[in-house]
Amino acid sequence: MSNNISIPDAKVILRKGEGRTIKAGGLWVFDNEIDRVVGNYNDGDIVEVHDFDDYFMGYGFINSHSTIRVRLMSRKKDHPVTPELIKTRVENAWNYRKEVIDTSSCRVIFGEADFLPGITVDKFEDVLVIESLALGTDKMKELIINDLKEVLAADGIKVRGVYERSDAKVRELEGLPRTKGFIGESFDTKVEIVENGVHYFVDVENGQKTGFFLDQKNNRMAIRRFCKDKKVLDCFTHTGSFALNAAAAGASSVLAVDASDLGIEQAKENAKLNHLEDIVSFKCADVFDLLPELEAQKELFDVVILDPPAFTKSRASIKKAVTGYREINIRGMRLVKNGGFLATCSCSHFMDEQLFIKTIGEAARDAHKRLRQVEFRQQAADHPILWANDTSYYLKFLIFQVVDEI
């Protein structure tokens, strides 16, 4: 694979009145904003972007297969995209993480939010997991990985191995095949990490996404203060992270539910790893089916945690997603004891903050519950929200006290 970065030999000219997104600070140029392309290029090459009047707007890589036709990488004429620029971006990304979060396991590169469009890298102790979703940075991924290894080595961190999880269906929108596997030498893909004092085995080869959802790190810690001596229900537990934090905080009992057999088996293993298997019980079931059953059995919990997968990955399915979020929250609220707590979230970018809050409010009315907001939280700081880049803000996390209507 080549790590060469093309010298711009083509110029993208925007239509008059277009380019509003990048003029406002965004990084994407859509196909319908382009008037013409002057010069020769191959998909994935760096091109110059100019306004209709030939005003220079930036450098980015082009892909004729994608609706996002150009992803901007530099706005300055005297800062072309070079290996040196990429190295600086990688260094800046790591230095930022060192300032804001525990870096033993964290997201080191978060795509556009680190000005490296379409590529994410998670660090699990001494293992890196890369997900590449855009053609331009896909061609640079080994360069980025090598830079990151050097940057980490300068801080005394030796990378044991790199695994690629570029197997998301969205790659097909870029004209890219779905792929996964080792970059470099093979290694044991079952990695033990420690987060908030809780130990986990992360399966970087077969787990969801890159193997573990690092974005909830601080939110998992936030629910602890409500869980001591409490009966807790953790829905969509995945590999047990919220459940284990509740148990570690002194919960009297935790019921953790997920529809994935693999997830439940991994969660059980993680419970044993932390000697919490006597506190946490696991059930493999569809949460939408189980919650009505628990309600019919008149079960009540002091704390209910709802951490569902994204119910929508496009604007087209947002109405269906709203229905799903409303139903799951109605059911969850009905299972909270009067005065107990509900932690609920959405990890879908398309379910924006206002719509999510509106949906939770509707669920409360339908459940005949009143909500006292305790906290509104977002993704951890290693998943930075870059203003003017809406897609970098996706995780909304709310904690409520749930009280009966009077």
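Everything numeric here is computed off the predicted structure, so don't read it as measured data.
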### Residues Arg165, Asp122: salt bridge by 4.0 Å N-O rule
no
#### Entry: Closest non-hydrogen atom pair, Phe397 against Cys345
CD1-CB, 3.6 Å
### Query
So, does Thr137 use its side chain to make a donor-acceptor pair with the main chain of Leu133 at under 3.5 Å?
no
### Message
Quick check against the 3.5 Å criterion: does Asn270 have a side-chain atom that pairs as donor or acceptor with the backbone of Tyr200?
### Response
no
### Message
Whether Asp114 and Arg107 form a salt bridge (side-chain N of Lys/Arg under 4.0 Å from carboxylate O of Asp/Glu) is what I want to check.
### Response
no
### Query
Got a salt bridge between Asp45 and Lys139, using NZ or NE/NH1/NH2 to carboxylate O under 4.0 Å?
yes
### Task
Using a 4.5 Å cut-off on heavy atoms from C-beta on, say whether the side chain of Phe115 contacts that of Leu386.
yes
### Task
Carefully, step by step, assess Thr237 and Asp258 under the rule side-chain hydrogen bond (donor to acceptor under 3.5 Å, both in side chains).
CA-CA 6 Å; Thr237 195; Asp258 200 278; over 6 Å; no
### Message
Assess the residue pair Asp51 and Lys23 against the criterion (salt bridge (charged side-chain N to carboxylate O under 4.0 Å, His left out)); give the C-alpha distance rounded to whole Å, side-chain angles, the decisive distance to 0.1 Å, and a yes or no.
### Response
CA-CA 10 Å; Asp51 208 351; Lys23 289 172 184 174; 3.1 Å; yes
### Query
So, the side chain of Arg97 versus the backbone of Val108: is there a donor-acceptor pair under 3.5 Å, distance only?
yes
### Query
Looking at side-chain heavy atoms only, is the closest gap between Leu262 and Ser260 below 4.5 Å?
yes
### Task
State whether the side chain of Arg372 and the backbone N or O of Val402 hold a donor-acceptor pair below 3.5 Å, judged by distance alone.
no
### Interatomic distance, Leu173 atom CG to His65 atom NE2 [nearest 0.5 angstrom]
12.0 Å
### Task
To the nearest 0.5 Å, tell me how far Ile360 CD1 sits from Asn329 CG.
3.5 Å
### Donor-acceptor under 3.5 Å (Thr210 side chain, Val129 main chain)
no
### Heavy-atom donor-acceptor pair, Gln379 side chain to Tyr394 backbone, under 3.5 Å
yes
### Partner set under salt bridge (Lys or Arg N to Asp or Glu O under 4.0 Å) for Lys158, not counting sequence neighbours
none
### Query
How close do Ile34 and Val37 get, heavy atom to heavy atom, and via which atoms?
CG2-CG2, 4.3 Å
### Query
Do Arg171 and Asp138 meet the salt-bridge criterion of a basic N to acidic O distance under 4.0 Å?
yes
### Task
Over 60° means perpendicular and under 30° means parallel, so classify the ring planes of His238 and Phe213, tilted if in between.
tilted
### Query
Would a distance-only check, ignoring hydrogens and angles, find a side-chain to backbone donor-acceptor pair under 3.5 Å from Asn196 to Val198?
no
### Query
Would a 4.5 Å heavy-atom cut-off, applied to side chains only, mark Phe226 and Val374 as touching?
yes
#### Entry: Other residues, nucleotides, ligands: >12 heavy atoms within 6.0 Å of Lys358 NZ
no
### Query
Looking only at heavy atoms, which two atoms of Val336 and Lys369 are closest? And how far apart?
O-NZ, 4.0 Å
### Which atom of Ala249 lies closest to which atom of Cys227, heavy atoms considered
CB-CB, 4.3 Å
### Task
Evaluate whether atom NZ of Lys283 has more than 12 neighbouring non-hydrogen atoms of other residues, nucleotides or ligands under 6.0 angstrom away.
no
#### Entry: Non-hydrogen side-chain atoms of Phe341 and Ile223 separated by less than 4.5 Å
no
### Query
Distance-only, no hydrogens or angles: does the Lys396 side chain make a donor-acceptor pair with backbone N or O of Gln378 under 3.5 Å?
no
### Message
Tell me whether Lys231 is salt-bridged to Asp302, with the criterion being a basic N under 4.0 Å from an acidic carboxylate O.
### Response
no
### Message
Just checking Glu405: does its CD atom have more than 12 heavy atoms from other residues, nucleotides or ligands closer to it than 6.0 angstrom?
### Response
yes
### 4.5 Å side-chain heavy-atom contact, Ile318 and Leu355
yes
### Query
Just by modelled atom types, is the Val159 backbone N or O under 3.5 Å from a matching donor or acceptor in the Lys149 side chain?
no
### Query
What do the steps show when you test Ser241 against Glu195 for side chain to side chain contact (heavy atoms under 4.5 Å, CB included), and what is the final call?
CA-CA 9 Å; Ser241 56; Glu195 180 197 87; 5.5 Å; no
#### Entry: Lys217 (side chain) donor-acceptor with Ser105 (main chain) under 3.5 angstrom
yes
### Message
Determine whether Asp54 and Lys11 satisfy the following criterion, side chain to side chain contact (heavy atoms under 4.5 Å, CB included), listing intermediate values before the conclusion.
### Response
CA-CA 9 Å; Asp54 208 33; Lys11 184 188 296 186; 3.4 Å; yes
### Message
Could you check whether any side-chain heavy atom of Met73 comes within less than 4.5 Å of a side-chain heavy atom of Tyr59, counting everything from C-beta outward?
### Response
no
#### Entry: Arg20/Glu33 ion pair, N-O < 4.0 Å
no
### Message
Taking the basic N atoms (NZ, or NE/NH1/NH2) and the acidic carboxylate oxygens, is any pair closer than 4.0 Å for Glu295 and Arg331?
### Response
yes
### Geometric cation-pi criterion Lys268 and Phe282, 6.0 Å radius, 45° cone
no
### Query
How many angstroms lie between atom CZ of Arg224 and atom NZ of Lys228, to the nearest 0.5 angstrom?
12.0 Å
### Query
Of Glu125, Glu205, Glu269, which meets salt bridge (Lys or Arg N to Asp or Glu O under 4.0 Å) against Lys190?
Glu269
### Message
Looking at Arg75, I want to see if its CZ is surrounded by more than 12 non-hydrogen atoms of other residues, nucleotides or ligands under 6.0 Å.
### Response
yes
#### Entry: Intermediate values then yes/no, side chain to side chain contact (heavy atoms under 4.5 Å, CB included), Lys98 and Asn95
CA-CA 5 Å; Lys98 290 192 293 182; Asn95 289 335; 3.4 Å; yes
### Query
Parallel, tilted or perpendicular for Phe288 and Phe236, by the 30°/60° rule?
perpendicular
### Task
Go through the steps for Glu112 and Arg71 under the test salt bridge (charged side-chain N to carboxylate O under 4.0 Å, His left out), then give the verdict.
CA-CA 9 Å; Glu112 278 80 352; Arg71 296 175 189 253; 3.2 Å; yes
### Message
Measuring only between side-chain heavy atoms, which start at C-beta, is Asp203 closer than 4.5 Å to Thr239?
### Response
no
### Message
Working note: Glu48 + Lys77, criterion side chain to side chain contact (heavy atoms under 4.5 Å, CB included); need CA distance, chi angles, decisive distance, verdict.
### Response
CA-CA 9 Å; Glu48 292 188 8; Lys77 183 71 173 177; 3.0 Å; yes
### Message
Is there a side-chain contact between Lys180 and Tyr163 in this structure, where contact means two heavy atoms from C-beta onward sitting under 4.5 Å apart?
### Response
yes
### Summary
Between Trp28 and Ile22, the two heavy atoms sitting closest are O-CG2, 3.4 Å
